[in-house]
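Computed from heavy atoms alone, side chains included, the values below leave out hydrogens, waters and symmetry copies. Proteins get letters first, then strands, A, B, ... in listed order; numbering begins at 1 in each.
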Number of protein chains: 2
Amino acid sequence: MDKHEAVAALAALAQDTRLDIFRLLIQTGPEGMPAGQIAERLDLPATTLSFHLNHLRHAGLVGFRRESRMLIYAAAYGAMNELLAYLTENCCRGDASGCDARARVPASSSSFLTTSQRRS
Amino acid sequence: MDKHEAVAALAALAQDTRLDIFRLLIQTGPEGMPAGQIAERLDLPATTLSFHLNHLRHAGLVGFRRESRMLIYAAAYGAMNELLAYLTENCCRGDASGCDARARVPASSSSFLTTSQRRS
DNA sequence: TCCATAGTTTTATAATTATGGAAATATAAA
DNA sequence: TTTATATTTCCATAATTATAAAACTATGGA
């Protein structure tokens, strides 16, 4: 992950509504949730939700797949892990005694999403 | 950490210059670095650096102490850990098999900073 | 084909944020 | 006490971002 991607991801998360959406999806798991259900759970107008999902998607933090009429969004666990790793990179000049940095989240079971789905 | 604090911390990090500053301090370790040296390392005007340090400070991500004429800034490792934990909270509905979330960074050796120094 | 459902794109307005110069403040050395 | 250093606060300008209504697109069922 480079700086530009990290800033994009952090900016995507640095907003009340988007943080709610992202955490809901993180908690939901790799199977994801349809946009309409997210809107219902968080009580958001469709247009506002769409704006924020798009933002998260461009930042690489969520992906989606179509299933019949529904678009099912899911957290991109891999991207999230990369972000956490980026923040703590080379922590304390490698002096693990004062700083045993670690930052991981889901697994490679991360999800059904292909890279193109994650980013497009 | 509540949502408000998390958004503040993420917003503080979601900016090129501030992300550079924060990572520099994370890599420097708990002993920190004087503002002037940060400015030199990142080639920033003093006024711009001060603006961004202030932002990071209000978000609780850095603290400082005075040492003679210099203000020495250091990363607030504890706050950072809380942020990472918040993002991954209740990951995948507790189904650790698909999602063994963990997010930790430095230790309680985090630094010389008191809570009031971190936040004020 | 026509209608309903699920979401997105467009657009305008309102609000927030970044940058850097000039002036101010705090500390220390001469 | 004068002067230099280290850093901040104030300010104006420029740029970015959020919100939600209206119009649009895609899918599936009658």
Between A:Q37 (side chain) and A:P34 (backbone), is there a donor-acceptor pair under 3.5 Å? no

Whole-Å distance between C:dT17 C1' and B:L13 CG? 16 Å

Distance below 4.0 Å between B:Y73 side-chain N/O and D:dT8 OP1 or OP2: yes

What's the shortest heavy-atom distance between B:G60 and B:A76, and which atoms? O-CB, 3.3 Å

A:Y77 versus B:C91: any side-chain heavy-atom pair under 4.5 Å? yes

Would you mind reading off the distance between B:L10 atom CG and C:dT16 atom C1', rounded to a whole angstrom? 17 Å

Look at the side chain of B:Q15 and decide which nucleotide, out of C:dA18, D:dT19, D:dA6, has an atom nearest to it. C:dA18

Between C:dA18 (P) and B:L19 (CG): distance, integer Å: 13 Å

Using five base pairs at each end, measure the axis-to-axis angle across the helix from C:dT1-D:dA30 to C:dA30-D:dT1 and round it to 10 degrees. 20°

In residues 40-53 of chain A, what residues come within less than 4.0 Å of DNA chain C, judged by heavy atoms? A:A46, A:T47, A:S50

Write out all pairs satisfying salt bridge (Lys or Arg N to Asp or Glu O under 4.0 Å) with one or both partners inside residues 33-44 of chain B, taking only residues at least two apart or from two chains. none

Side-chain contact, heavy-atom cut-off 4.5 Å: B:V62 with B:Y73? yes

Output the rounded distance in Å from NE2 (B:H55) to P (D:dT8). 15 Å

Sequence neighbours excluded, the answer for side-chain contact (heavy atoms from CB on, under 4.5 Å) partners of B:L44 is B:T17, B:I21, B:L42, B:L49

Does the side chain of B:F64 come within less than 4.5 Å of B:L71's, by heavy atoms? yes

Look at the side chain of B:A35 and decide which nucleotide, out of D:dT7, D:dT9, C:dA18, has an atom nearest to it. D:dT7

Just how far, in rounded Å, is P of C:dT8 from CZ of A:F64? 8 Å

Rounded interatomic separation in angstrom, taking CE from A:M33 and C1' from C:dG7: 17 Å

5'-most contact on DNA chain D (nearest-nucleotide basis), A:S68 vs A:T17, goes to A:T17

By side-chain hydrogen bond (donor to acceptor under 3.5 Å, both in side chains), A:N54 pairs with (sequence neighbours left out) A:R57

Separation of atom CG in A:L71 from atom P in D:dT25, rounded to whole Å: 16 Å

Considering only heavy atoms from C-beta outward, does the side chain of B:L61 approach that of B:L25 to under 4.5 Å? no

Could you tell me if the side chain of B:S50 sits less than 4.5 Å from the side chain of B:T47, heavy atoms only? no

Dump the pairs, protein N or O against N or O of nucleotides 24-26 of chain C, anything under 3.5 Å, distances to one decimal.
none

Report the distance from atom CG of B:L56 to atom C1' of D:dT8, rounded to the nearest whole Å. 16 Å

By the salt bridge (Lys or Arg N to Asp or Glu O under 4.0 Å) test, which pairs, at least two apart or in different chains, include something from residues 14-28 of chain B? A:K3-B:D16, A:K3-B:D20, A:E89-B:R23

Do B:L83 and B:L13 have side chains that get closer than 4.5 Å, going by heavy atoms? yes

